[in-house]
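Beneath this line is the structure, given in structure tokens, with notes to follow.
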Amino acid sequence: MSFVSSRYEKIMEIAARRGFLWQSFEIYGGVAGFYDLGPLGVLLKNNIVELWRKYFVKQHQEFVVEIETPIITPAIVFRASGHEEHFTDYATQCTRCGRLYRADHLVEEFLRIEAEGLSGEELEKLIREHDIKCPACGGELGPVKKFLLLFTTYIGPYSPENLAYLRPEAAQGMFVNFKRVYELMRRKLPLGIAQIGRVARNEISPRQGPIRLREFTIMEIEFFYDPQNPRADVLEERCSDYKVRILTADQRTRGEEKPLEISPCEAYREGIVKSPWLAYWMCVANKFVEALGVPWSRIYFEEKLPNELAHYSKQTFDQIVVVERWGKLEVSGHAYRHSYDLERHMKFSGVDMYAVRQLKEPRRVVRKVAKIDKVAIINTFRERAKDVFRVLAKLSSDELLKLVESTPGDTVVVNGIEIPKNVVRVEQVEETIAVEKFVPHVAEPSFGAERLLYIVLEYSYTEENGRKYFRFPPELAPIKVAILPLVDKEPLTTIAWRLFEEAKARGLYAIYDDSGSIGRRYVRVDEIGVPYAITVDFDTVEKGLVTIRDRDSRKQVVVPLKEALDVVEKCLRGANLFELGYPVVEREER
RNA sequence: GCGGCGGUCGUCUAGCCUGGUCUAGGACGCCGGCCUUCCGAGCCGGAGAUCCCGGGUUCAAAUCCCGGCCGCCGCACCA
């Protein structure tokens, strides 16, 4: 335990001291659940975000597009999404032992009734009426208090109709924009809408350092597809030779802990993953987390049990990375949101969110339609005809038909006006139907960027004989190259400084350092995970040669000064420093 | 939210029990200078602490007491 926590503490100590991250609002005592990113933290996070974008958006740009939507969201959106209802907990606390309970859970347990959706007052009343006591100590329960995990605010003047929430997920930004983006993408499915942005959740008591934050960056895709024709060929093409580890809900129920090793393709075929696109994005997610430096064997997906599912989800897998501190850490969630969100937004907004699919063969159908006989209405109602037209105009043809057919007698009443049925003609029409409407299904991969940041720190952190450094994959390293004169003397310093200027001109983040001994400077740049160090020595002056030092092995290669930055850039793109044909030097330690 | 433990320069810490020589000591780091031809060398000099915050006890508080904030551990919570 002490080893485990001390390793976490060492990482967090370096993280704060060297400028990766630290607790927010330090000078006022700090606030739980908020972390600031420092200069290196921002660079590292940007690189992680960019890698996510590469894996999830750029490599799928023919059908995945990225948008950006507001954090502050009118309450109606989260009323429609179900968050206003389900993100609220009613809690009551024992006045004797202080234990906290979900009021609805207590009521359900004691009275064996469905308590979800009851108001605080109703729950309070039930607890008092049935004299429910603390299950642990039998003490009196305190008043029922409301915990809303959504941060609230107002848009404009403070009044109930201006209530707004800070979004707890980016997803609703994609759902409310589905119609427009679907149109933009020329109504093609599948369609992925991605977003990277800040979200906020008013956690009751966050207490896992940078892991459970009240505000963080989320990276997610709402992936829309036709359930009858998912067009998920890539699942077969890219995922059949690649396995992931999955611990299913069934396994968990049986108490098993060893995940299956299975290709996402097969997992879908066998019904373990219910959506082909969910399986596909799990495949991408696994490869992405490997690219962050996490070994394959430390990643698995854990299926949520039915009672753990969010209100919108038909099936959810958490992507777990094994970490030293907490055992396991959820880095992403993969939810099969089905058609839930679009249907809710259609209902609440009244806006049509259907997609259309072409039928393989157009169908001839005969259907009944109700038509209004305008002449008959004018003849029947004369000067009141205008009112009749007005009320009838509010009904669709289908609604009118239904009304006429379901009402007995010769008249129907619409908005208090009695209308004889004979002004409505019911006709049979024959139509050709070439398309049909449907609500797309949604698979959602969703990542928390700060958790990934922590994962990268933990998996990169290395201790060897007292040496501490971050073994960041070069692509993720905040600073790419250190440029160091061997000693603080001319002309070495001027040559090194010019090289630094050139590195900046190439768009690299670099460090120039001439203070103290060369060994101290290597240690300093190792500690922040700089993958390469170019050292300007006396051979540079005499022969135009510099050395490039590899952070992990501490071996160096000798390369011409003019080629040094090209070599570094090649290595940053994935080349191996020692396989480029340059002589390798290994120096004795003093 | 409850209970236990903790909070001292950038970092790690000594001091707290047994109040006063603490205008808070050390190490590392940092800054300046010297030195230095490859992995935390050495020498000289320097800056750096609201002792978490507020209140109380006392002639006197980093130290004792109370409240708050923050962190860790356990319980609860974590769609």
Side-chain angles (χ1 to χ4, degrees), chain A residues 1-2 5-6 8-10 12-19 22-34 78 81-89 91-102 105 116 134-137 139 142 145 147-150 168-169 171 201-209 211-214 304 307-313 316 325 330 333 335 465-469 484-489 492 514-527 533 535-542 546-547 549 551 554-556 585-590:
Chain A
M1 178 45 105
S2 63
S5 70
S6 71
Y8 165 80
E9 278 156 19
K10 279 186 226 167
M12 293 309 288
E13 188 268 306
I14 297 175
R17 184 164 47 77
R18 298 304 308 268
W22 54 79
Q23 212 189 356
S24 300
F25 314 112
E26 275 181 329
I27 66 163
Y28 290 106
V31 180
F34 296 92
F78 289 112
S81 72
H83 284 82
E84 197 179 62
E85 182 185 337
H86 295 278
F87 234 55
T88 307
D89 288 343
T92 176
Q93 191 168 17
C94 174
T95 52
R96 193 195 297 173
C97 70
R99 286 189 173 82
L100 191 72
Y101 299 95
R102 288 262 306 256
H105 286 182
E116 193 156 331
C134 172
C137 77
K145 284 184 281 187
F147 289 112
L148 180 61
L149 267 61
L150 299 172
E169 58 170 18
R201 302 176 182 186
N202 201 0
E203 300 279 359
I204 294 167
S205 78
R207 218 204 297 161
Q208 288 165 60
I211 298 310
R212 214 165 120 204
L213 296 174
R214 286 181 163 130
K304 292 274 200 193
N307 64 347
E308 296 171 336
L309 284 178
H311 61 275
Y312 50 70
S313 180
T316 297
R325 176 79 177 202
E330 175 197 327
N465 312 321
R467 191 163 92 100
K468 296 176 190 171
Y469 64 106
L484 315 168
L486 183 61
V487 292
D488 183 13
K489 274 187 184 159
L492 304 193
D514 60 16
S515 74
S517 70
I518 187 72
R520 183 191 300 254
R521 285 177 268 147
Y522 285 146
V523 167
R524 197 150 45 202
V525 297
D526 280 348
E527 194 180 44
T535 306
V536 172
D537 58 23
F538 293 93
D539 279 352
T540 314
V541 185
E542 288 162 23
V546 296
T547 60
R549 172 182 177 274
R551 173 196 62 204
R554 299 195 292 171
K555 288 182 193 162
Q556 293 172 299
V585 286
E586 210 170 339
R587 297 182 200 273
E588 296 292 316
E589 292 197 27
R590 263 208 294 191

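Computed from a prediction, not measured in an experiment: that's the story for all the values here. Order of the sequence lines fixes the chain letters, A, B, ..., with proteins taken first and strands second; residue numbering starts at 1 for each chain.
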Check your understanding: If you take atom types as modelled and just measure distance, does the side chain of A:Y522 reach the base of B:rC38 with a donor-acceptor pair under 3.5 Å?
Key ->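 Checked by distance alone, the answer is yes.
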
Exercise for review: Report yes if a donor N or O on one partner sits less than 3.5 Å from an acceptor N or O on the other, where the partners are the side chain of A:R521 and the base of B:rC39; otherwise report no.
Suggested key: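 Result: no qualifying N/O pair found.
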
Review point. When the nearest nucleotide of RNA chain B is assigned to A:V487 and to A:L309 on a heavy-atom basis, which residue is associated with the more 5' position?
Key: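 Result of the comparison: A:V487.
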
**Study point:** 5'-most by nearest nucleotide on RNA chain B - A:V523 or A:A310
**Key:**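 Whichever sits nearer the 5' end wins; that is A:V523.
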
Students often get this wrong, so: under 4.0 angstrom with heavy atoms, is [X] touching a base, only sugar-phosphate, or nothing?
X      : value
A:T547 : base
A:R17  : sugar-phosphate
A:G209 : sugar-phosphate
A:D539 : nothing
A:L492 : nothing
A:Q556 : base

Review point. Got a second to check how far A:K555's NZ is from A:T547's OG1, nearest 0.5 Å?
Key: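 Between A:K555 NZ and A:T547 OG1, I get 15.0 Å after rounding to 0.5 Å.
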
Check your understanding: What is the distance from atom NE2 of A:H311 to atom OG of A:S81, rounded to the nearest 0.5 Å?
Key ->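 Answer for the NE2-OG pair, A:H311 versus A:S81, is 5.5 Å.
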
Whom does [N] pair with, Watson-Crick or G-U wobble, provided both distances fall under 3.5 Å?
N      : result
B:rG32 : B:rC44
B:rU58 : none
B:rA27 : B:rU11
B:rC51 : none
B:rC70 : B:rG6
B:rU37 : none
B:rG1  : B:rC75

Review point. Quantified in whole Å, what is the P atom distance between nucleotide B:rC66 and nucleotide B:rG3?
Key: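 Those two atoms are separated by 13 Å.
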
Review point. So is A:R549 actually on top of A:Y522's ring, under 6.0 Å and inside 45° of the axis?
Key: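 Here A:R549 passes the 6.0 Å and 45° test against A:Y522.
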
Check your understanding: Parallel, tilted or perpendicular: which describes the rings of A:Y312 and A:H83, with under 30° parallel and over 60° perpendicular?
Key ->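 A:Y312 vs A:H83 ring planes: tilted.
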
**Study point:** Minimum-distance nucleotide (side-chain atoms of A:I518 versus B:rG40, B:rU37, B:rC38)
**Key:**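 Of the candidates, B:rC38 comes closest.
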
**Study point:** A:P206 backbone acceptor or donor facing A:R212 side chain under 3.5 Å
**Key:**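 Judged by distance alone, no pair lies under 3.5 Å.
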
